[in-house]
Amino acid sequence: MVEKMQFYPLDINYKIIEGKPVIFLFGKTIDKKQVCVVDESFRPYFIVIPKIDITELAEKIRKISLEEEKETINVLDIEKAKMKKFGKEAEILKVYTQLPSHIPKIKDIIKEWNIIEGVYEYDILFTRRYLIDKGIIPMTLTEAEGEFANYRLRVPSFRAESIKSVSDEALDSPKVLAIDIETYNPPDNIIDSKQNPIIMLAMYGKRFSKVITWKAIEGGDLPIEHVNSEAELIEKFKEHIEAYSPDIITGYFSDGFDLPYIKDRAHKYKIKLDIGLDYSEISVDKKGESAAEIAGIVHIDLLKFIRKIMARGINFENYKLNTVAAQLIGEKKDQVEIEDLHIAWDTNDKKKLAEFCKYNLQDAALCYKLFDKAYPQLIEMIKIVGQAPFSLSRMSFSQLVEWYLLRQAHLHNEIAPNKPSHFDLQKRHSQSYTGAFVFQPKPGLYKNVVIFDFRSLYPSIISSHNIDIGTLNAEEHRENNPNTITLEDTGETFWFSTKKKGFLSSLIEEIITRRSRVKEMMKKDKDNPLLDARQNSLKLLANSFYGYLGFSMARWYSIECAKAVTAFGRFHIKKVIHEAKEKGFNVLYSDTDSVFLELGDKKKKDSIDFMDEINSKLPGIMELEYEGFYPSAIFVSAKAEGTGGAKKRYAIISEDGKIKIKGFETVRRNFSKIGKQVQMKVLEIILKENDKEKALKYVKEKIKQLRDHEIPVDKLIISTQLTKDVGGYGNVGPHVSVAQKMIQKGINVSAGSTIRYVIAKGPGLIRDKAKLPNEITQDEYDAEYYLNHQIIPAVEKLFEVLGYKKEDLVAEHDQRDLKSFFG
DNA sequence: TCCATCCGGGG
DNA sequence: GTGTACGGATGGA
């Protein structure tokens, strides 16, 4: 009996059954039951554009027959159709084959014929093709028509005769299970699943938490489950997965660690990790960055998703779980000496082991919460791009753009361009072009500064100047065309149609408009995480278009378009600079899309009027925005003498006293606290109080304190990361020398460790004077070293702007020292 | 300064 | 599997 069933598709794969490819779409029904929708009717195809008569070509293709060892490969069917290639109508043939794997074989034959213009869309994965062609958006409400069937699966199956998207309503609380393992790992042993067992495995879900371990550990009220061996631990893990039946399994670096590790250990005991909903085993794809896949259960590696998709805008120091969790959900892990786990395990240290169990569970719980935080972003990206969570969560931005475009191309009946050949790639790699314009500032301290910037400069250029491969150098005349641009350096000229809308440019316009609508909705519905994730996804996608155009692997690659985008960018920002000067503003600085104007005797209102005037003449959706008013700003000179002002290095203060710093040491790690503190304080005095005497007095006072040994040692600590193991260094810098000492003392130090040291006074090389912080007292530090290597470099450029020389900073009797330092 | 390689995360 | 990888830091030539 034919019936309708609504569900949310979560995962997709296909299998060949009786010589036909069959799609399996795993999902959740509206009443939260697991289900698998099976579609036997979809066939693989690719596209051919003929050069000769289309019927004649079709006949030739139909006759193709390939004898292989086990099978004969034939063309299953051919359809004529009309599509567009870069906006131009084209008659095409859709060539169908029996199996997806036949596509490249048939394609390779036809590709060589000179009676065709080209072959296209021959490398779009079968399952992804299915989602696109059927208009299905994973995770959103979908309806299948058909009947329940009996495929051998862990969940009920439903054979679909037809399938369609119902709405963009997304599955709102999937059943998530976070996992984390701890392994036995003796010191200096690289983590190795061949040698070392899993000793704990934690799972955390909704109203479910468990730590499985194979030693009797007294965990108090921890949900510890004891088993007798590692093999039993793995069996128990399987049982729990089956009983809990999660929609989603998540972990942190679980693609590269937890799941491959479990799989390796299971293999050792000949245990089948067949937790897939089709009874298949976890598959670990080891190509490059590995990925662990479970059929029907979505495995999300949070590290990958966060690093690739959620991370921009947020500046993570690193991507350790602790760092990321602290930043995204404000939670930290308990401090545990994980290197000592093997000792506790060997010595049966019950108390320590209980702590490790707690730690293990906490990691899983952290993952669970991180997933919760990431879910809106994942959902919204899926809704836009339209690929399944497993693959989408591992995509780079260029891939997100590409799959978005592939879906849109299908919707617009556009033929997708091919990926570059090896030859194309070489050519693309050899090409480079000019980027953004940066205005060189004049060093100085300025008052009353207004900053304007172009809102989404590159996306708005692509939209407003109609930038697209199909509109590039269109037949209409290039003169008097507002979309014509000539490159300043090479003289190349590009122009874009004013009549016909381009594929890329209209898509980006749609993305931008959609985002404004979402932002509008957010005004009434503040703090809605879904809306925020949606506008963010749209913004990220729009911002990636330009990079995608110039990305060598892109299908819609066009260096001409990429060149035109930056050239229009330079054109518009330079025009603003020019007109601002004409209006009598002093232009202080400009970088890519922003411009800094000194008001002088003008009012804020005058600058707004200026902005409005600019905006009245800008094309399309381009817009110059008022970024803010800053009472004070400082620009310094570049390091090299006589090269003028430094680009990308300045500090400004807003009316509410907040200082924004770009490029100064204050934001860098490899600098002592005293250096940072003095720099920050001087900036503050200059920008807030505009009192150069006071700044000078402050620095002099600090220098005196430094020389009188009044600065505590912890403010003098310099931190440097060891980039390789100590033995690997040719030049022994101070941090390496200290690391050597640490090793002698039995402190475990290796590549990646951060070495903290202080420079002590005395004769000899700096590296011999570098001490561990606890080896030195306050009167032993080398004041002159800190003066010359930390304090002076931190502030000399600032004082230069104020009209002081370096010598003014230190007392008279020290000038000899300084001269020798400054040469 | 440019090119090649290594590493990230995990215990 | 109708496929293929990234990107930044670092160190050596």
Side-chain angles (χ1 to χ4, degrees), chain A residues 13-16 21 42-47 95-108 119-130 179-193 195-200 251-262 283 285-291 293 301-304 306-308 311 316 318-324 336-345 356 359-360 363 367 391 394-399 402-403 416 418-420 422 425 547 551-553 555 721-724 728-731 751-752:
Chain A
N13 62 28
Y14 83 95
K15 262 197 235 324
I16 291 157
F42 195 61
R43 292 291 169 266
Y45 68 89
F46 67 102
I47 288 164
V95 180
Y96 289 84
T97 63
Q98 185 77 12
L99 295 180
S101 59
H102 294 170
I103 296 279
K105 291 172 178 163
I106 301 284
K107 175 265 304 187
D108 279 341
V119 287
Y120 298 92
E121 303 196 8
Y122 47 77
D123 55 359
I124 295 170
L125 262 42
F126 192 57
T127 52
R128 300 190 184 189
R129 171 100 271 171
Y130 183 82
I179 60 161
D180 183 56
I181 59 170
E182 306 301 326
T183 63
Y184 184 86
N185 188 219
D188 305 328
N189 243 12
I190 32 166
I191 293 174
D192 182 5
S193 60
Q195 290 182 38
N196 300 320
I198 299 167
I199 55 187
M200 293 169 188
Y252 200 81
F253 196 41
S254 40
D255 266 349
F257 178 64
D258 302 73
L259 290 180
Y261 208 108
I262 296 171
S283 82
D285 181 4
K286 270 282 172 198
K287 271 179 219 155
E289 287 208 312
S290 58
E293 190 166 10
D301 182 344
L302 277 168
L303 167 65
K304 248 177 218 158
I306 289 170
R307 185 157 61 189
K308 289 185 158 170
F316 292 109
N318 57 51
Y319 286 96
K320 292 179 198 305
L321 175 58
N322 201 28
T323 316
V324 169
V336 165
E337 295 299 320
I338 195 70
E339 308 85 51
D340 297 341
L341 172 56
H342 70 282
I343 301 170
W345 186 258
F356 283 117
Y359 170 85
N360 187 201
D363 272 10
C367 273
S391 49
R394 289 168 179 75
M395 284 179 184
S396 61
F397 259 90
S398 58
Q399 288 170 306
E402 189 142 294
W403 284 103
N418 291 329
K419 283 196 213 164
H422 196 66
L425 264 183
F551 172 55
S552 60
M553 296 287 289
R555 287 173 190 267
Q721 259 209 341
L722 218 51
T723 55
K724 47 190 174 184
Y729 280 89
N731 313 5

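Letters A, B, ... are given to chains in the order of the sequence lines, protein chains preceding strands, and every chain is numbered from 1. Bear in mind that the values here come from a model prediction, so they are computed numbers and not experimental data.
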Checking A:Phe126 now: which residues fulfil ring-ring contact (aromatic ring centres under 6.0 Å, His included) with it, not counting sequence neighbours?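 Partners of A:Phe126 under the ring-ring contact (aromatic ring centres under 6.0 Å, His included) test: A:Tyr14, A:Phe42.
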
Proximal nucleotide (of [options]) relative to the [X] side chain:
| X | options | value |
| --- | --- | --- |
| A:Glu182 | B:dG11, B:dG9, C:dG3 | B:dG11 |
| A:Arg128 | B:dG10, C:dG3, C:dC6 | C:dG3 |
| A:Gln399 | C:dT2, C:dT4, B:dG9 | C:dT4 |
| A:Tyr14 | B:dG11, C:dG3, C:dG1 | C:dG1 |
| A:Asn185 | B:dG9, C:dT4, B:dG11 | B:dG11 |
| A:Thr183 | B:dG11, B:dG9, C:dG3 | B:dG11 |
| A:Ile338 | B:dG9, C:dT2, B:dG11 | B:dG11 |
| A:Phe126 | B:dG10, C:dT2, C:dT4 | C:dT2 |
| A:Phe257 | B:dG10, C:dT2, C:dT4 | B:dG10 |
| A:Tyr252 | B:dG11, C:dT4, B:dG9 | B:dG9 |

Taking side-chain hydrogen bond (donor to acceptor under 3.5 Å, both in side chains) as the definition, give me every residue that meets it alongside A:Lys304, ordered by chain and number, with sequence neighbours left out.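 Counting only residues at least two positions away or on another chain, A:Lys304 forms a side-chain hydrogen bond (donor to acceptor under 3.5 Å, both in side chains) with A:Asp255.
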
Kindly express the pairing pattern of DNA chain C in dot-bracket notation, using | wherever a base pairs with another strand and counting only Watson-Crick or G-U pairs under 3.5 Å. .....||||||||

Is it the case that the side chain of A:Asp301 and the backbone of A:Phe253 share a donor-acceptor pair, with hydrogens and angles ignored and the cut-off at 3.5 Å?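 Yes, A:Asp301 side chain to A:Phe253 backbone: donor-acceptor pair under 3.5 Å.
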
Would you please test A:Glu402 and A:Met395 for side-chain contact (heavy atoms from CB on, under 4.5 Å) and show each step? CA-CA 10 Å; A:Glu402 189 142 294; A:Met395 284 179 184; over 6 Å; no

Quick one: list whatever passes side chain to side chain contact (heavy atoms under 4.5 Å, CB included) with [X], sequence neighbours left out.
| X | result |
| --- | --- |
| A:Arg43 | A:Lys20, A:Pro21, A:Leu76, A:Tyr96 |
| A:Phe46 | A:Val48, A:Val95, A:Ile103, A:Ile106, A:Lys107, A:Ile110, A:Val119, A:Tyr122 |
| A:Asp123 | A:Lys419, A:Arg555 |
| A:Val336 | A:Phe356, A:Tyr359 |

Looking for any heavy atom pair under 4.0 Å, which part of the strands does [X] touch: base, sugar-phosphate only, or nothing?
| X | result |
| --- | --- |
| A:Pro100 | base |
| A:Asp363 | sugar-phosphate |
| A:Ile181 | sugar-phosphate |
| A:Leu341 | sugar-phosphate |
| A:Tyr45 | base |
| A:Asp301 | nothing |
| A:Tyr319 | sugar-phosphate |

Check nucleotides 2-5 of chain B for protein N or O atoms closer than 3.5 Å to its own N or O atoms and list the pairs.
none

What is the distance, rounded to the nearest whole Å, between atom CD1 of A:Ile343 and atom P of B:dG11?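 Result: 17 Å.
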
Roughly how many Å is it from CE in A:Met200 to C1' in B:dG10, rounded to a whole number?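 Nearest whole value for this atom pair: 16 Å.
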
May I ask you to check whether A:Phe257 and A:Tyr261 place their ring centres under 6.0 Å from each other?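 Yes, the ring of A:Tyr261 comes within the 6.0 Å limit of the ring of A:Phe257, centre to centre.
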
In chain order, what residues pass the salt bridge (Lys or Arg N to Asp or Glu O under 4.0 Å) check against A:Lys105, with sequence neighbours excluded?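 With sequence neighbours excluded, A:Lys105 shows a salt bridge (Lys or Arg N to Asp or Glu O under 4.0 Å) to A:Glu68, given in chain and number order.
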
